[in-house]
There are 2 protein chains.
Amino acid sequence: MQIGDLSRQSGVNIETIRYYERIGILPKPARQSNGRRSYGPADADRLGFIRHARDLGFDLSSVRVLLALQEQPEASCDDASRIAQDQLEAVESRIARLTKLREELRRMVSECSRGRVAECRVIETLVPPTTGSSGPHAAYDKRPQYLPAMPRQLSRNS
Amino acid sequence: MQIGDLSRQSGVNIETIRYYERIGILPKPARQSNGRRSYGPADADRLGFIRHARDLGFDLSSVRVLLALQEQPEASCDDASRIAQDQLEAVESRIARLTKLREELRRMVSECSRGRVAECRVIETLVPPTTGSSGPHAAYDKRPQYLPAMPRQLSRNS
DNA sequence: CTACAACCTGTAGCGACTACAGGAGCAATA
DNA sequence: TATTGCTCCTGTAGTCGCTACAGGTTGTAG
């Protein structure tokens with residue numbers, strides 16, 4: 001089986017498969033006489049495992065650990081269980097955060113009356129309430145302090 | 001106001017502020033005689049706007065559009081509303097996806113009896129069901145086909 | 001005078017891919 | 001046989017949104 005077949009079978013991009021090989025999460029496969037990669041069913045299994053774990057939101061370092069564990073059937077599965085629990089907690093906190101965002105976005109959208117930007121709730125919601133500077137180049141006064149607020153990383157990582 | 005003050009006031013990292021300037025989402029500020037950046041309240045407003053939008057999960061290209069709109073109070077706010085709606089939909093689909101993940105993870109975790117890896121549900125759940133190859137280096141037979149399954153990007157982007 | 005904090009520029013790193021340039025090999029068709 | 005066109009190869013750079021660091025200058029307090 002060559003890389004294209006494996007890609008179709010697993011649903012994992014060819015470039016991603018080569019990337020996985022490069023970072024050592026997939027073993028270097030045998031090569032055909034023409035230099036092309038040759039995969040067997042064990043590789044397909046491993047890749048399927050990786051894909052499923054990635055779909056569940058595990059990052060690649062967790063996947064590495066899970067793969068290593070999988071190959072030691074006699075070891076205790078405490079580590080695996082711990083990783084899964086951590087992942088569950090991470091997913092739960094993402095859901096909580098996104099749910100709050102959803103509410104704020106719903107409010108924004110539902111209150112927008114589709115008129116001019118000047119009275120648009122979407123824009124208005126985003127303008128910080130602290131300074132009263134109106135217009136593009138106002139330079140009035142300074143004001144209190146922002147609070148630390150929510151952690152950054154949302155759209156990318158969570 | 002210099003960059004450190006702006007950073008404290010807005011809760012945005014100094015490095016991030018300079019990054020925003022580099023990519024042109026914040027204008028190049030005036031400089032003091034010693035070369036240090038000098039900000040006014042308009043900058044603080046703009047940064048506050050950006051931060052809030054980022055907290056709501058808008059990516060920087062959307063933020064750019066929203067900022068541009070904000071500066072044209074007479075324009076129609078359809079674009080802003082559209083962007084917010086798209087974001088709302090994206091958030092809703094992320095929530096839906098994460099909710100499914102949560103269920104699968106809960107099942108994994110709750111069914112793990114904390115014994116050996118060999119009978120660990122966490123690991124077992126991840127092993128693809130298609131090929132029967134057991135053990136690290138088995139090389140049995142080939143099997144049907146995976147379906148396209150779920151879209152990739154989860155932990156990073158969604 | 002000496003610390004030390006705060007700032008400066010420029011560049012590289014993160015995670016997990018994705019894309020592309022520039023080439024080789026191979027099968028089917030004209 | 002030549003050509004087209006697909007799949008594969010390597011190596012490198014780009015994506016997003018930061019964050020970190022090296023190596024320097026400036027400003028302030030003790």
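Here is the naming used below: chain letters follow the sequence lines, and residue numbers restart at 1 for every chain.
- With hydrogens and angles ignored, a donor-acceptor pair closer than 3.5 Å exists between the side chain of R36(A) and the base of dT7(D).
- The side chain of Y19(B) contributes no N or O atom lying less than 4.0 Å from OP1 or OP2 of dC16(D).
- For the pair N34(B) CG and dC8(C) C1', the computed distance is 10 Å after rounding to whole Å.
- Mapping S33(A) and T16(A) onto DNA chain C by nearest heavy atom places T16(A) closer to the 5' end of the strand.
- Below the 3.5 angstrom threshold, one finds no donor paired with an acceptor across the side chain of R54(A) and the base of dA16(C).
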Discussion item. Evaluate R102(B) against R94(A) for side-chain contact (heavy atoms from CB on, under 4.5 Å), listing each step before the verdict.
Written reply: CA-CA 10 Å; R102(B) 183 179 57 188; R94(A) 279 174 224 165; over 6 Å; no

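- Proximity note for R22(A) (side chain, C-beta onward) versus dT10(D), dC18(D), dT12(D): the nearest is dT12(D).
- When rounded to the nearest whole Å, the span between CD1 of I14(B) and C1' of dC18(D) equals 15 Å.
- F58(B) places its CZ atom 18 Å from the P atom of dC16(D), with the value rounded to the nearest Å.
- Proximity of a side-chain donor or acceptor of S81(B) to a complementary backbone N or O of C77(B) within less than 3.5 Å is not detected.
- Here dT18(C) is the nucleotide among dC8(D), dT9(C), dT18(C) with the atom lying nearest to any side-chain atom of E15(A).
- Residue E21(B) contributes atom CD, which lies 11 Å from atom P of dG10(C) at whole-angstrom precision.
- Between E103(B) and R106(B) a salt bridge is recorded (basic side-chain N to carboxylate O distance below 4.0 Å).
- Atom OH in Y20(B) sits roughly 14 Å away from atom P in dC16(D) (whole-Å rounding).
- Regarding contacts with the backbone of dT9(C), a side-chain N or O of R31(B) is found under 4.0 angstrom from either OP1 or OP2.
- Straight-line distance from the NZ atom of K28(B) to the C1' atom of dC8(C): 14 Å, rounded to whole Å.
- Nearest nucleotide to the side chain of N13(B), out of dC18(D), dT19(D), dT9(C): dT19(D).
- Between D5(B) atom CG and dA6(C) atom C1' the separation is 10 Å, expressed in whole Å.
- Nearest nucleotide to the side chain of R18(A), out of dC9(D), dC8(C), dC18(D): dC9(D).
- No salt bridge links R18(A) with E21(A); every basic N to acidic carboxylate O contact stays at or beyond 4.0 Å.
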Worksheet entry | Intermediate values then yes/no, side-chain contact (heavy atoms from CB on, under 4.5 Å), R37(A) and R31(A) | CA-CA 5 Å; R37(A) 288 170 180 81; R31(A) 298 286 182 142; 3.5 Å; yes

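- In this entry the distance linking CG of D55(B) with P of dG17(D) reads 14 Å, nearest Å.
- I23(A) comes within 4.0 angstrom of no nucleic acid atom, judged by non-hydrogen atoms across all strands.
- OP1 or OP2 of dC8(C) sits under 4.0 Å from a side-chain N or O of R37(B).
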